[in-house]
Amino acid sequence: MTLEDKLDAAGHRRSRLWIAFLVHRLSGLALACFLPLHFLMLGTALRGEAQLEALLRWTANPLVKFAEAGLVFLLSVHLFGGLRVLVVENLTWRAEQRPIAIAALIIAAVAAIAFIISSA
Amino acid sequence: MRPSERQAGLGDEALGPPPLAPLNVRLYLMQRVSAAVMAPLVAVHLGGMFYASARGLSAAEILGRTQGSIGWALFYGLFVLAAAVHAAIGMRSVLTEWTPLARRVRDLLACGLGLALAGLGLRAVAAVTLP
């Protein structure tokens, strides 16, 4: 198989809607990995307010704050990407779907940037 | 029912319970229903993240709002259960499509993730909402 054949075979992977599917799936996987840690962190409140306070002070670190903005992006992009899927499956079919997928990505990016600015 | 149908035994199933949809169809529906349930919950949670981060809320201030609140306990309890179902079914799909794992292993891993998320999540909800 030549390189051109390989590219043709993977042609759908250059589609923006396939990329939207991949972003939705990867953001879901990342959230599934993060959630147990998030729950364990919140569970420290069982050992008293001081334990939770220590963790909250740690999240004030700029690097952690940046990572939190990444989580806001992941959560937003998964939310709006998921709404796109629900719209596609349940509402009247639209021939052109790329604008919704791009809008989902832009809203998620704006949310992440707004989170960094608002918590700075 | 027409006499000819009765004679042929047709239409008998209409008298009993409707047949269950195949497992994949039921999981697909649960995935979409849990997504629809979570959409407004995620939006509110994101709003809460913005609020808490922008105001630099302390643990005492956060717990002061959530501890003893039945509303927040129900909100996050529902959120955790919907997320556990949604994540487990999503992980099952990922494992099916992207790994060569046997069905039984795949289903065990997905169920394990769902149960772990539900257990840890409800523990976290209890930690921040019980008075």
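Lettering follows sequence order; numbering is per chain, from 1.
Listed here is the closest heavy atom pair of A:T44 and A:Q51: O-CB, 3.7 Å. Of all heavy-atom pairs between B:A36 and B:P40, the closest is O-CD, 3.3 Å.
For A:A114, the parts sitting under 4.5 Å from any heavy atom of chain B are the backbone and the side chain alike. In this structure, the portion of B:E97 lying under 4.5 Å from any heavy atom of chain A is its side chain and not its backbone. With a 4.5 Å cut-off on non-hydrogen atoms, A:R57 touches chain B through its side chain but not through its backbone. Only the side chain of A:L26 comes within contact range of chain B, judged by heavy atoms closer than 4.5 Å. With a threshold of 4.5 angstrom between heavy atoms, A:L31 does not approach chain B through any atom at all.
Among the residues in residues 100-109 of chain A, none has a non-hydrogen atom closer than 4.5 angstrom to a non-hydrogen atom of chain B. At a heavy-atom cut-off of under 4.5 Å, chain B is reached by A:L75, A:S76, A:H78, A:L79, A:L83, A:V85, A:L86, A:E89 from residues 74-93 of chain A, listed in order of number. Residue-level contacts of residues 72-86 of chain B with chain A, in order of numbering, are B:V80, B:A83, B:H86; threshold 4.5 Å between heavy atoms.
Between atom OG1 of residue A:T59 and atom CE of residue A:M41 there is a gap of 5.5 Å, rounded to the nearest 0.5 Å. Interatomic distance, A:R16 CZ to A:I19 CD1, rounded to the nearest 0.5 Å: 8.0 Å. In this structure, A:S118 OG and A:I113 CD1 are separated by 12.0 Å, a value rounded to the nearest 0.5 Å. Here A:L22 contributes atom CG and A:L17 contributes atom CG; the two are 12.5 Å apart, rounded to the nearest 0.5 Å. In this structure, the separation between CD1 on B:I89 and OH on B:Y28 is 12.0 Å, given to the nearest 0.5 Å. Distance OG1/B:T99 to CE/B:M91: 10.5 Å, rounded to 0.5 Å.
Counting heavy-atom pairs under 4.5 Å between each of B:V128, B:L57, B:L46, B:V125 and chain A puts B:L46 at the top. When each of B:I62, B:L63, B:L117 is scored by its heavy-atom pairs under 4.5 Å with chain A, the top score falls to B:L117. When the candidates B:A39, B:A35, B:G121, B:A87 are compared by the number of heavy-atom contacts under 4.5 Å with chain A, B:G121 comes out ahead.
In this structure the side chain of A:E68 never reaches within 4.5 angstrom of the side chain of A:I116, judged on heavy atoms. Counting heavy atoms from C-beta on, the side chains of B:Q67 and B:L130 never come closer than 4.5 Å. For the pair B:W98/A:L29, a side-chain contact is recorded, criterion being any heavy-atom separation below 4.5 Å from C-beta on. In this structure, the side chains of A:L71 and A:F115 stay at 4.5 Å or more apart for every pair of heavy atoms.
Ionic pairing of B:E61 and B:R65 is not present here: no N-O contact between side-chain nitrogen and carboxylate oxygen is shorter than 4.0 angstrom.
In the displayed structure, B:M30 atom CE is contacted under 6.0 Å by at most 12 heavy atoms of other residues, nucleotides or ligands.
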Could you walk me through whether B:S58 and A:E49 pass the side-chain contact (heavy atoms from CB on, under 4.5 Å) test, one step at a time?
CA-CA 10 Å; B:S58 67; A:E49 187 183 300; over 6 Å; no
Given the rule in the side-chain contact (heavy atoms from CB on, under 4.5 Å) test, do A:K65 and B:S53 qualify, once you have shown the distances and angles that lead to the verdict?
CA-CA 9 Å; A:K65 192 61 74 182; B:S53 183; 3.2 Å; yes
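Sorted by first and then second residue, the salt bridge (Lys or Arg N to Asp or Glu O under 4.0 Å) pairs involving residues 100-119 of chain B (not counting sequence neighbours) are B:R92-B:D107.
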